[in-house]
Amino acid sequence: MSGTILEAAFVDPAYLGSPSANKNGIELQVFESQVERANDIQEEVVETTTVTTKRGWGCCRSSKDVEVIEQRDMKKFETKMSGSALEPKGVDRERYANVPEGILIYRLDTASRELKLMSKASDQSDGGKYLVQMKVAKSGPSDDKSRRGMSLVGVDGTSATLVACEQRTAIAWLEAMDMMLGHSSKSTAHPRQKWASEKLNTQERNKIEEDYLTLANYSNQLIRAGTIPGQEQKKAVEGAGGIYYSVEVQPEEGEKRSEEALESIAKRRAVIKDSWDFYRMICSLLRDRRKYDEVFRKLQLDPVYPYLNSMTGLNDPGDDGYENNDKAVIQKDVRNSSNMTKTQIAQALMEQAEESLPALVEICKALAGSLGMEEVGIGPIKEAQAAIRKAEKKYNGDLLKVTDYCRALLVVKDFPCLLALLELARDSFGPLIRRVKLSTMKRNHKTLPGGYRDCKINLELKGHICEIQVHIWPMWVVCGVDGFRHYRHCLEYSTDSFDDPYDALDGLDRKVVAELIVMSEEAVADTPLDELEWYQEKYILDYFAEAGLFMKHGLYAWAETTLNRLITLRTESPDIGRDHHETMILYKYLEQTLRARGKEKEANKAAARIEAAETKKSDEKEEAEKGLWESLVSGEALDMIMDPNRKEREEEEKIRKEVKASKKQWRKIRQQRYHFLDGNGTEWKQSNADVSQNGDGGTSQAASQGVEDQ
């Protein structure tokens, strides 16, 4: 039977929870030896690889005590272990005498399922108790808050908990044990050992075990050397006093180690790393979409929103989705276009855009000067190839329907500022307006892919259709200038088709998920969970993604520990807090995890916490509606409530009254903040008359109406 020998550093139980655990750096040794055995007869070790990694100060902190199954006199133990047949060739026994204080070195042989202590305990362990030897029957993650603990049960029923010096050590060892116990008969396999239920033959299991542990070792080597591909090279991690060393592969006599083996490992890691990056990106995209949804929920509490929601745009197709083959506003046909290629047509439209750009800049400067924008930006002219791609995706290749060759963005503070901008635009250069798209701002209308909402105004300047994108500040700040990247990725990967980022893991086999966990640990190698801070957003997202992998892999104890830590950090964050929607999402996953572990009481508490947050949201909405109703004349409200003949139209009447109250609020705000609009923009129009005169856009009755009330 094929097996693997692993050796690693664990925390001496005498140092668990002790401040002195911070005094030494930790050196991790992982030995891998492919061992051939038959009929329980041990044969010569044919391959040995050593990988070393080190954690800095404080890596051994833990509050979990180690349960004891045996206590032995160390002299007798040393006598027994010296000359052990399991000891790989070429390993110097002296190194076990120089292990730093606070560390115990354990060795696991997956072929025999034997776990043995290889080093001496520290002086502080005198009189203490520690695990010496065990034949493992069951294994699983412990509830250790550092997420480095493993709960073990021996074949004789004894139990123990070991706390590794590294998160990734505990993960790799537990996976190795899971695979190891998968080789065992079903009668000895723990229900959590999912490998036992996999329909694999011995050869397949051995290959999976070898591939997984080889990948874990290679990842450890990259972390230790500070040479992770795609990351800034870091200083190599030094050994703890130089007492450990690396033993390269020792092939059998006459056998040569192919250099293709290392290349194969690197290629495999690259594939898994790409998969991890994609999965993490999905988590990021759906996180930001939820942020957009939450921002819009709060924006709807603005008293002027019902009035804005009642408005209709100009040439606004509404819920047309991403594709809009029947777009009403298009560019004028390019002269001699029938004899031109698509690239030539796009370049001709680019030239028109260049001529229109100065007029668009003046309009944006004037609007910003009058209303006090949060941000103003003039985009570069859209490139020909980008225009062609957009036309093919959205308009069946019609380049004349691309109306943002010349574009600008304005970021307004809030909905009242948006209403003021629309009114000012209508009254000041209405004849130039060709489209006002408000549909994504409507409560019951589709968002843009990825959850974003904005307003678009198209103007005809010098015979060319230009576009002003109007953003609301609370929506804009979620992603800032990276919002377009978010939109593009959500469109490309159809992320609006599902709500749970963990659903992206559906269909992956157990081996791939295990390897993805290796990559997740590589991503967080610099920041252990118990050292994570509330402001480290990059690592918080990494750990959130990893929690999903743990849930998918059945490692619910570690998922629970991770989610609890993330909830604590979100609660501590001054920008988020205990009632924030992100915190509640973590609680939802925590509830699922707790129920999977049979912790119904704790799960019910999490569910109650979620329900309380939802109730608070409902109360906020009711309070906002109450404010609108109080602005109505009490008699009007009474008539609506008491008239039984209008029962079937109650909802319509409610909306009408709501809009009326909202419009009243807008007039009050308009008088306070935008009193200059009372002159219908006369002063503003006069000072910017040259812009309209030079626009050469022509006039139309529809365009002059601008944005109208329904």
Side-chain angles (χ1 to χ4, degrees), residues 285 288-300 302 304-305 307-324 327-329 360 363-364 367-368 371-379 382 390 393-394 401-426 433-459 465-491 495-496 706-707:
L285 293 175
D288 291 341
R289 191 184 76 190
R290 289 191 295 263
K291 287 182 180 180
Y292 284 137
D293 291 343
E294 178 65 12
V295 166
F296 186 63
R297 182 192 71 81
K298 291 183 177 180
L299 284 172
Q300 292 177 78
D302 192 309
V304 306
Y305 179 73
Y307 175 50
L308 175 65
N309 192 54
S310 72
M311 300 174 73
T312 181
L314 172 67
N315 289 323
D316 187 349
D319 288 338
D320 59 350
Y322 178 70
E323 296 180 357
N324 184 11
K327 187 175 182 179
V329 179
L360 182 64
I363 286 177
C364 291
L367 288 171
L371 299 173
M373 301 295 173
E374 297 296 319
E375 287 192 28
V376 179
I378 306 298
K382 185 182 286 291
K390 182 173 183 177
K393 288 182 178 180
K394 294 189 67 174
K401 291 183 178 179
V402 178
T403 55
D404 62 346
Y405 292 93
C406 181
R407 60 269 176 94
L409 69 86
L410 302 174
V411 183
V412 298
K413 179 180 180 181
D414 49 24
F415 281 150
C417 190
L418 173 61
L419 288 170
L421 183 148
L422 294 173
E423 184 175 336
L424 190 57
R426 179 196 65 191
I433 297 176
R434 294 294 175 266
R435 181 178 73 153
V436 177
K437 186 174 182 180
L438 285 169
S439 53
T440 62
M441 290 291 189
K442 302 298 187 66
R443 179 182 291 125
N444 296 322
H445 285 233
K446 291 180 180 178
T447 69
L448 294 170
Y452 196 71
R453 299 173 184 265
D454 64 3
C455 169
K456 292 182 176 66
I457 301 174
N458 290 105
L459 310 170
I465 304 296
C466 305
E467 183 172 286
I468 300 176
Q469 302 167 4
V470 185
H471 305 274
I472 308 298
W473 177 250
M475 296 285 286
W476 172 261
V477 296
V478 171
C479 290
V481 293
D482 291 328
F484 179 71
R485 183 186 304 167
H486 168 85
Y487 161 83
R488 187 179 71 247
H489 286 157
C490 288
L491 180 65
T495 58
D496 289 351
V707 181

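The basis for the numbers below is simple: all heavy atoms, side chains too, and nothing from hydrogens, waters or symmetry mates.
Nearest heavy-atom pair across Cys490 and Pro449 is CB-C, 4.0 Å. Across His486 and Gly450, no two heavy atoms sit closer than the pair NE2-O, 2.9 Å.
No option in Leu421, Leu419, Leu422 other than Leu421 meets the side-chain contact (heavy atoms from CB on, under 4.5 Å) test with Val412. For the ring-ring contact (aromatic ring centres under 6.0 Å, His included) with His471, the lone residue among Trp476, Tyr292, Phe484 that qualifies is Trp476.
Not counting sequence neighbours, the partners of Arg289 by the salt bridge (charged side-chain N to carboxylate O under 4.0 Å, His left out) test are Asp496, Asp499. For Glu374, there are no salt bridge (charged side-chain N to carboxylate O under 4.0 Å, His left out) partners, not counting sequence neighbours.
With values rounded to the nearest 0.5 angstrom, Arg407 atom CZ is found 11.0 Å from Leu360 atom CG. For the atom pair OG (Ser439) and NZ (Lys456), the distance works out to 8.5 Å, reported to the nearest 0.5 Å. Interatomic distance, CG of Asp454 versus CG of Leu438, reported as 10.0 Å (0.5 Å rounding). Atoms CE and CE, from Met475 and Met441 in turn, are 7.0 Å apart once rounded to the nearest 0.5 Å. Interatomic distance, CZ of Arg443 versus NE2 of His445, reported as 11.0 Å (0.5 Å rounding). The distance from atom CG of Asp414 to atom OH of Tyr305, rounded to the nearest 0.5 Å, is 14.5 Å.
With contacts defined as side-chain heavy-atom distances shorter than 4.5 Å, the pair Pro416/Asp302 qualifies. Looking at Ile472 and Phe415, their side chains come closer than 4.5 Å, going by heavy atoms from C-beta outward. Using a 4.5 Å cut-off on side-chain heavy atoms (C-beta onward), Tyr452 and Phe296 make no contact.
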### Message
What verdict does the salt bridge (charged side-chain N to carboxylate O under 4.0 Å, His left out) test give for Arg297 and Glu294, after you've listed the backbone C-alpha separation in whole Å, the side-chain angles of each residue and the deciding distance to 0.1 Å?
### Response
CA-CA 5 Å; Arg297 182 192 71 81; Glu294 178 65 12; 2.8 Å; yes
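For Lys442 (side chain) and Met311 (main-chain N/O), a donor-acceptor pair under 3.5 Å exists by modelled atom type. Under the 3.5 Å distance criterion, the side-chain polar atoms of Thr447 are left unmatched by any main-chain donor or acceptor of Arg453. At distances below 3.5 Å, not a single donor-acceptor pair connects side-chain atoms of Asn458 with backbone N or O atoms of Ile465.
Within 6.0 Å of NZ in Lys291 there are more than 12 heavy atoms belonging to other residues, nucleotides or ligands.
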